[in-house]
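All values derive from a computational prediction rather than experimental measurement.
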Amino acid sequence: MSIGRAIAHRAKIARGTIKQFIGRAIGDTRLRNQGGLDRASGNAARAVDKLGNALGR
């Protein structure tokens with residue numbers, strides 16, 4: 001996994017966390033759900049890259 005991709009995945013996870021926090025704070029369930037999806041997709045992409053590295057790709 002390149003450093004740029006790792007940073008992009010971490011940024012997506014952080015952005016999702018912030019969206020969830022703000023959504024929870026202002027009572028916006030749509031924003032909170034979007035944040036959860038961002039976090040999940042960032043974590044999934046990170047896991048796929050880690051798996052690719054483990055397999056030597």
Side-chain angles (χ1 to χ4, degrees):
M1 172 172 30
S2 71
I3 195 78
R5 287 173 71 168
I7 291 171
H9 299 320
R10 292 287 181 148
K12 191 163 193 170
I13 294 167
R15 185 172 52 241
T17 303
I18 291 167
K19 280 183 180 180
Q20 274 190 313
F21 178 76
I22 292 172
R24 212 177 281 129
I26 64 174
D28 187 349
T29 56
R30 182 172 168 242
L31 185 62
R32 191 177 74 200
N33 291 338
Q34 284 178 345
L37 288 173
D38 282 349
R39 284 182 60 202
S41 66
N43 283 325
R46 189 167 167 242
V48 168
D49 279 347
K50 280 185 167 185
L51 180 62
N53 286 342
L55 295 175
R57 295 181 185 192

Minimal non-hydrogen separation, [X] against [Y], with atom names:
| X | Y | answer |
| --- | --- | --- |
| H9 | G42 | CB-O, 4.0 Å |
| S41 | K12 | OG-CE, 3.0 Å |
| G35 | Q20 | C-CG, 3.7 Å |

Run the salt bridge (Lys or Arg N to Asp or Glu O under 4.0 Å) test against K19 and tell me which residues pass, sequence neighbours left out.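 Salt bridge (Lys or Arg N to Asp or Glu O under 4.0 Å) list for K19, sorted by chain: D38.
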
How long is the span from the CD1 atom in I13 to the CZ atom in R15, to the nearest 0.5 Å?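 Rounded to the nearest 0.5 Å, the CD1-CZ separation comes out at 10.5 Å.
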
Applying side chain to side chain contact (heavy atoms under 4.5 Å, CB included), name anything that partners I22, two or more places apart in sequence or on another chain.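 Per chain and number, I22 pairs via side chain to side chain contact (heavy atoms under 4.5 Å, CB included) with I18, I26, L31.
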
side-chain hydrogen bond (donor to acceptor under 3.5 Å, both in side chains): which pairs involve residues 24-37, sequence neighbours left out?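 Counting only pairs at least two positions apart or across chains, no side-chain hydrogen bond (donor to acceptor under 3.5 Å, both in side chains) contact touches residues 24-37.
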
